[in-house]
Trainee: 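A single structure is presented below for examination.
Whatever order the structure lists ligands and atoms in, that order sets their numbers, starting from 1. All values derive from a computational prediction rather than experimental measurement. Values reported hereafter were calculated over all heavy atoms of this structure, with side chains retained and with hydrogens, waters and symmetry mates removed.
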Amino acid sequence: MKRALITGITGQDGSYLADLLLAKGYEVHGIVRRASTSNTERLGDERADAVYDGTATDNLHLHHGDLNDGLALSRIVADVRPDEVYNLAAMSHVQVSFDMPEYTASTNGGGTVRLLEAIRAAKLDCRFYQASTSEMFGRTPPPQHEDSTFHPRSPYGTSKVFAHWCTINYREAYDLFAVSGILFNHESPRRGENFVTRKISRAVARIKVGLQDELALGNLDAVRDWGYAPEYVEGMWLMLQHEEPTDFVLATGTGTTVREFVETAFDHAGLDWRDHVRVDERFQRPAEVHALIGDASKAHRVLGWKAQTHAGDLARIMVDADVALLEGT
Ligand code: NAP
Ligand code: GDD
């Protein structure tokens, strides 16, 4: 039985990856940071409580830790001795990173080094996945691929470029099977509520049932390549099963503006977005990434991976899920 360690297991991707690996028969260990309220909702609070109580019936194990706590990371890595490590934990919100640049650098950049060092100190022969991002391309025009120039536009983007190069450095310096997955935006009903797609789908559902009338957004002209998160965690796993450690872009290859996503989401609920959306300066960023559209042909050719769900379907999936959530179904 293979053993995997996931940082960021309570996040969107971590929770889908845990589901995927458990279904494949893995023993799954996750690092959870201590919070004063529950942060295990995406894993299922009851299921997480059962893990903590020792009454769990599946192969999920949770450990308290933090990417800013190198000693805890070293202890967990040495105790678990995983075959595969997926480093998904991050301060992942681009706009928030402008408010917290030092924390973002420490968590996303320093945290990756702490984890890589923990693996090296434990002399582990494991495979390592780093959650890199299309935000690293920043100002470089689309289509962006594995060899495109990095020009990050936020503290988040710069921290991820550092972590990306650390991953490559540990591969070259210590022969670690370390892979960087450069993933374009991927969303789902489990997406955090302050990312634009979920903010929109949630608002549409609330407007439809009369709980809200207005939605304030920032830049409606930004172009993103939005895919469906469960498909992307499958891609992460495929990268670690490949015989060679090499980096991959995962993307749909289709660009959609925020305005188009808004229009599709409101249309799906029978609403006219022009009656409800207003632009608010508060959601504009000091430096914007205007257009991200990925070229994932390497992942298709080498791993057989191809995105199936594009932005229109994604908007409808997310609106339906938020409506169902409000209706309690
Ligand atoms: P997410 O939903 O924001 O999840 C982030 C996870 O990191 C959560 O489990 C969070 O814990 C954890 N975390 C945050 N700070 C931490 C710390 N100091 N120590 C330990 N854990 C910490 O993000 P996601 O969308 O699943 O993305 C997963 C990874 O892929 C991130 O690294 C992100 O930057 C990267 N990425 C995401 C996308 C995308 O479109 N989703 C695209 C490219 C790359 P809490 O639950 O306690 O907050
Ligand atoms: N969050 C947010 N809120 N974004 C808005 C809003 C708003 O009210 N209005 C417009 N936008 C625009 C942003 O300016 C950006 O151009 C776009 O919508 C997408 O914003 P987010 O959903 O916050 O995602 P992101 O692209 O900045 O970052 C996400 O994708 C990256 C991969 O490219 C995050 O998941 C990152 O962690 C990830 O690396």
Side-chain angles (χ1 to χ4, degrees), residues 6-18 30-35 37-43 63-69 72-73 86-97 100 103-104 106-108 110-112 114-115 129-138 144 152-154 156-157 159-160 163-164 180-188 190-200 203 215-229 232-233 236 249-251 256-259 261-262 277 279-280 282-285 287-292 294:
I6 305 174
T7 73
I9 194 167
T10 57
Q12 172 188 258
D13 290 5
S15 62
Y16 282 121
L17 182 65
I31 297 182
V32 179
R33 41 178 193 167
R34 193 267 161 185
T37 53
S38 171
N39 56 359
T40 52
E41 195 185 331
R42 292 185 180 102
L43 291 173
H63 309 261
H64 280 114
D66 194 296
L67 282 192
N68 291 295
D69 183 345
L73 291 179
Y86 295 85
N87 184 30
L88 308 188
M91 203 311 284
S92 69
H93 200 280
V94 174
Q95 185 158 15
V96 174
S97 78
M100 306 172 70
Y103 176 81
T104 303
S106 177
T107 304
N108 303 359
T112 303
R114 290 180 197 104
L115 190 57
Y129 174 86
Q130 171 59 20
S132 288
T133 164
S134 46
E135 274 290 307
M136 300 190 304
F137 298 122
Q144 296 98 352
R153 298 271 284 166
S154 64
Y156 170 78
S159 72
K160 285 288 189 172
H164 172 80
S180 180
I182 307 174
L183 272 50
F184 283 62
N185 300 50
H186 45 279
E187 321 290 311
S188 73
R190 295 187 194 173
R191 187 54 144 154
E193 288 156 4
N194 60 354
F195 295 95
V196 79
T197 54
R198 185 74 198 286
K199 186 172 166 183
I200 295 164
L215 169 62
L217 292 173
N219 180 11
L220 300 182
D221 296 318
V223 173
R224 287 294 181 275
D225 179 330
W226 281 299
Y228 188 37
Y232 285 57
V233 301
M236 295 176 190
V249 159
L250 297 186
T256 304
T257 61
V258 172
R259 184 181 288 98
F261 193 96
V262 164
V277 174
V279 171
D280 188 325
R282 280 182 308 148
F283 301 109
Q284 303 277 354
R285 296 168 182 186
E288 175 65 295
V289 170
H290 296 291
L292 294 174

Trainee: Identify the closest protein heavy atom to atom 16 (O) of ligand 2: which residue and atom is it, and at what distance?
Mentor: Glu288 OE2, 2.9 Å
Trainee: Go through ligand 2 atom by atom and flag the ones less than 4.0 Å from a non-hydrogen atom of Leu292.
Mentor: 33 (O)
Trainee: With a 4.0 Å cut-off on heavy atoms, is Ile31 in contact with ligand 1?
Mentor: no
Trainee: Mind checking whether Lys160 has a heavy atom under 4.0 Å from ligand 2?
Mentor: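 No.
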Trainee: Quick check on contacts: which atoms of ligand 1 are under 4.0 angstrom from a heavy atom of Asn39?
Mentor: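 Under 4.0 Å from Asn39, ligand 1 has these atoms: 47 (O).
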Trainee: Regarding Asp225 and Ser134, do their side chains bring together a donor and an acceptor under 3.5 Å, going by distance alone?
Mentor: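 The answer is no; no qualifying pair exists.
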Trainee: Which one holds for Asn68 and ligand 1: side chain close, backbone close, both close, or neither close, with close meaning a heavy atom under 4.0 Å?
Mentor: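 Only the side chain of Asn68 comes within reach of ligand 1.
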Trainee: Is it true that Tyr232 lies under 4.0 Å from ligand 1, counting heavy atoms only?
Mentor: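 Distance cut 4.0 Å: Tyr232 fails for ligand 1.
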Trainee: Would Lys160 count as a contact of ligand 1 if the rule is a heavy atom under 4.0 Å away?
Mentor: yes
Trainee: May I ask you to check whether Asn185 has an N/O atom sitting below 3.5 Å from an N/O atom of ligand 2?
Mentor: yes
Trainee: Answer with yes or no whether Thr7 contacts ligand 1, where contact means a heavy atom under 4.0 Å from a ligand atom.
Mentor: no
Trainee: Would you say Tyr103 touches ligand 1, if touching means a heavy atom closer than 4.0 Å?
Mentor: yes
Trainee: From Ile9 CD1 over to Arg33 CZ, what is the distance, rounded to the nearest 0.5 angstrom?
Mentor: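 Output value for this atom pair is 14.5 Å.
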Trainee: For ligand 2, indicate whether the residue Asn194 contacts it via side chain, backbone, both or neither (heavy-atom separation under 4.0 Å).
Mentor: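 Only the backbone of Asn194 comes within reach of ligand 2.
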Trainee: Would you say Met91 has any N or O atom under 3.5 Å from an N or O of ligand 1, going by distance alone?
Mentor: no
Trainee: So do the side chains of Val96 and Tyr156 get within less than 4.5 Å of each other, counting heavy atoms only?
Mentor: no
Trainee: As an exercise, identify every atom of ligand 2 less than 4.0 angstrom from a heavy atom of Thr133.
Mentor: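 By the 4.0 Å cutoff, the relevant atoms are 31 (C), 32 (C), 33 (O), 38 (C), 39 (O).
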Trainee: Just heavy atoms, cut-off under 4.0 Å: does Arg191 contact ligand 1 by side chain, backbone, both, or neither?
Mentor: side chain
Trainee: Determine whether the side chain, the backbone, both or neither of Gln95 has a heavy atom under 4.0 Å from any heavy atom of ligand 2.
Mentor: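 Neither; no heavy atom under 4.0 Å.
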Trainee: Give the atom numbers and elements of ligand 1 that come within less than 4.0 Å of a heavy atom of Asn185.
Mentor: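 Counting from 1, the qualifying ligand atoms are 40 (O).
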Trainee: Kindly compute the distance separating CD1 (Ile200) from CZ (Arg191), expressed to the nearest 0.5 Å.
Mentor: 11.5 Å
Trainee: What is the nearest protein non-hydrogen atom to atom 38 (C) of ligand 2, stated with its residue, atom name and distance?
Mentor: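 Heavy-atom neighbour on the protein nearest atom 38 (C) of ligand 2: Tyr156 OH, 3.5 Å.
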Trainee: Give the residue, atom name and distance (to 0.1 Å) of the protein heavy atom nearest atom 22 (O) of ligand 2.
Mentor: Val196 N, 2.8 Å
Trainee: Just heavy atoms, cut-off under 4.0 Å: does Thr10 contact ligand 1 by side chain, backbone, both, or neither?
Mentor: both
Trainee: For Asp221 and Thr257, which I'm curious about, is there any donor-acceptor pair between the side chains at under 3.5 Å?
Mentor: no
Trainee: Walk me through it: do Arg224 and Glu288 pass the test salt bridge (Lys or Arg N to Asp or Glu O under 4.0 Å)?
Mentor: CA-CA 12 Å; Arg224 287 294 181 275; Glu288 175 65 295; 3.7 Å; yes
Trainee: Considering heavy atoms of the protein only, find what lies nearest to atom 37 (O) of ligand 2 and give residue, atom and distance to 0.1 Å.
Mentor: Ser92 O, 2.7 Å
Trainee: Excluding sequence neighbours, so at least two apart, what forms side chain to side chain contact (heavy atoms under 4.5 Å, CB included) with Asn68?
Mentor: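 Once residues adjacent in sequence are excluded, the partners of Asn68 under the side chain to side chain contact (heavy atoms under 4.5 Å, CB included) criterion are Asp66, Tyr103, Ser106, Thr107, Arg114.
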Trainee: For ligand 1, is Ser132 a contact, meaning one of its heavy atoms is under 4.0 Å away?
Mentor: yes
Trainee: Among protein heavy atoms, which lies nearest atom 9 (N) of ligand 2, and at what distance?
Mentor: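 Sorting protein heavy atoms by distance from atom 9 (N) of ligand 2 puts Gly218 N, 2.8 Å first.
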Trainee: Could you tell me whether His186 and ligand 1 have an N or O pair separated by under 3.5 Å?
Mentor: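 Looking only at distances, the answer is yes, because the N/O contact criterion of under 3.5 Å is met.
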Trainee: Below 4.0 angstrom from a heavy atom of Thr133, which ligand 1 atoms are there? Numbered from 1 as shown, please.
Mentor: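 Listed by number with element, the hits are 43 (C), 44 (C).
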Trainee: Checking side chain to side chain donor-acceptor pair (under 3.5 Å) for the pair Asn87/Thr7: CA distance, chi angles, key distance, verdict?
Mentor: CA-CA 5 Å; Asn87 184 30; Thr7 73; 2.7 Å; yes
Trainee: Assess the residue pair Arg190 and Tyr16 against the criterion (side chain to side chain contact (heavy atoms under 4.5 Å, CB included)); give the C-alpha distance rounded to whole Å, side-chain angles, the decisive distance to 0.1 Å, and a yes or no.
Mentor: CA-CA 9 Å; Arg190 295 187 194 173; Tyr16 282 121; 3.5 Å; yes
Trainee: Name the closest protein heavy atom to atom 8 (O) of ligand 2, giving the residue it belongs to and the distance to 0.1 Å.
Mentor: Lys199 NZ, 2.7 Å
Trainee: Suppose I only count heavy atoms of Ala222 and a 4.0 Å limit; which atoms of ligand 2 are within that range?
Mentor: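 Taking each heavy atom of Ala222 in turn, ligand 2 has 16 (O) under 4.0 Å.
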Trainee: Can you tell if the side chain of Leu17 reaches within under 4.5 Å of the side chain of Tyr232, non-hydrogen atoms only?
Mentor: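 No. Closest side-chain heavy atoms not under 4.5 Å.
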Trainee: With a cut-off of 4.0 Å, which atoms of ligand 2 are near a heavy atom of Ser134?
Mentor: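 Once the distances to Ser134 are compared, the set is 32 (C), 33 (O).
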Trainee: Minimum distance, heavy atoms only, to atom 14 (C) of ligand 1: which one of Ser134, Ser97, Ala90 is it?
Mentor: Ala90
Trainee: If you draw a 6.0 Å radius around CD in Glu41, do more than 12 non-hydrogen atoms from other residues or ligands fall strictly inside?
Mentor: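 Check fails, neighbour count at 12 or below.
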Trainee: Give the residue and atom name of whichever protein heavy atom lies nearest to atom 43 (C) of ligand 1, and the separation in Å to one decimal.
Mentor: Leu183 O, 3.1 Å
Trainee: Once rounded to the nearest 0.5 Å, what's the spacing between atom OG1 of Thr197 and atom CG of Asn185?
Mentor: 8.0 Å
Trainee: Hey, are the side chains of Leu217 and Val262 touching, using non-hydrogen atoms and a 4.5 Å cut-off?
Mentor: yes
Trainee: Quick one: look up the protein heavy atom nearest atom 15 (C) of ligand 2 and list residue, atom name and how far away it is.
Mentor: Arg224 NH2, 3.5 Å
Trainee: Return the CD to CD distance between Gln95 and Gln284, rounded to the nearest 0.5 Å.
Mentor: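 One gets 8.5 Å once the value is rounded to the nearest 0.5 Å.
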Trainee: Could you tell me, atom by atom, which parts of ligand 1 come under 4.0 Å of a heavy atom of Ser92?
Mentor: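 What qualifies from ligand 1 is 1 (P), 3 (O), 23 (O), 33 (C), 34 (O).
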Trainee: Looking at atom 28 (O) of ligand 2, what's its closest protein heavy atom, distance included?
Mentor: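 Atom 28 (O) of ligand 2 sits closest to the protein heavy atom Val94 CG2, 3.6 Å.
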Trainee: Has ligand 1 got any nitrogen or oxygen that is less than 3.5 angstrom from a nitrogen or oxygen of Asn87?
Mentor: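 N/O-N/O distance below 3.5 Å does not exist for this pair.
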Trainee: On a heavy-atom basis, I'd like to know which of Leu215, Thr197, Asn219, Leu217 is closest to atom 10 (C) of ligand 2.
Mentor: Asn219
Trainee: Distance under 4.0 Å to a non-hydrogen atom of Gly11: what atoms of ligand 1 satisfy this?
Mentor: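 Within the 4.0 Å cut-off of Gly11, ligand 1 contributes 2 (O), 4 (O), 8 (C), 9 (O), 26 (O).
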Trainee: Using a heavy-atom cut-off of under 4.0 Å, does the side chain or the backbone of Val258 touch ligand 2, or both, or neither?
Mentor: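 It is the side chain that touches ligand 2; the backbone stays farther off.
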Trainee: Assess the side chains of Ser132 and Ser180: does a donor N or O sit below 3.5 Å from an acceptor N or O?
Mentor: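 A donor-acceptor contact under 3.5 Å links the two side chains.
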Trainee: Which of the listed options, Arg285, Arg153, Arg191, holds the heavy atom that is closest to atom 20 (O) of ligand 2?
Mentor: Arg285
Trainee: Can we call the ring centroids of His93 and Phe195 under 6.0 Å apart?
Mentor: yes
Trainee: Could you tell me whether Leu67 and ligand 1 have an N or O pair separated by under 3.5 Å?
Mentor: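 There is such a contact, yes.
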Trainee: Please round to the nearest 0.5 Å and tell me the distance separating atom CZ of Phe261 and atom CD of Glu187.
Mentor: 6.5 Å
Trainee: For ligand 1, is there an N or O atom under 3.5 Å from any N or O atom of Gly65?
Mentor: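 N/O-N/O distance below 3.5 Å does not exist for this pair.
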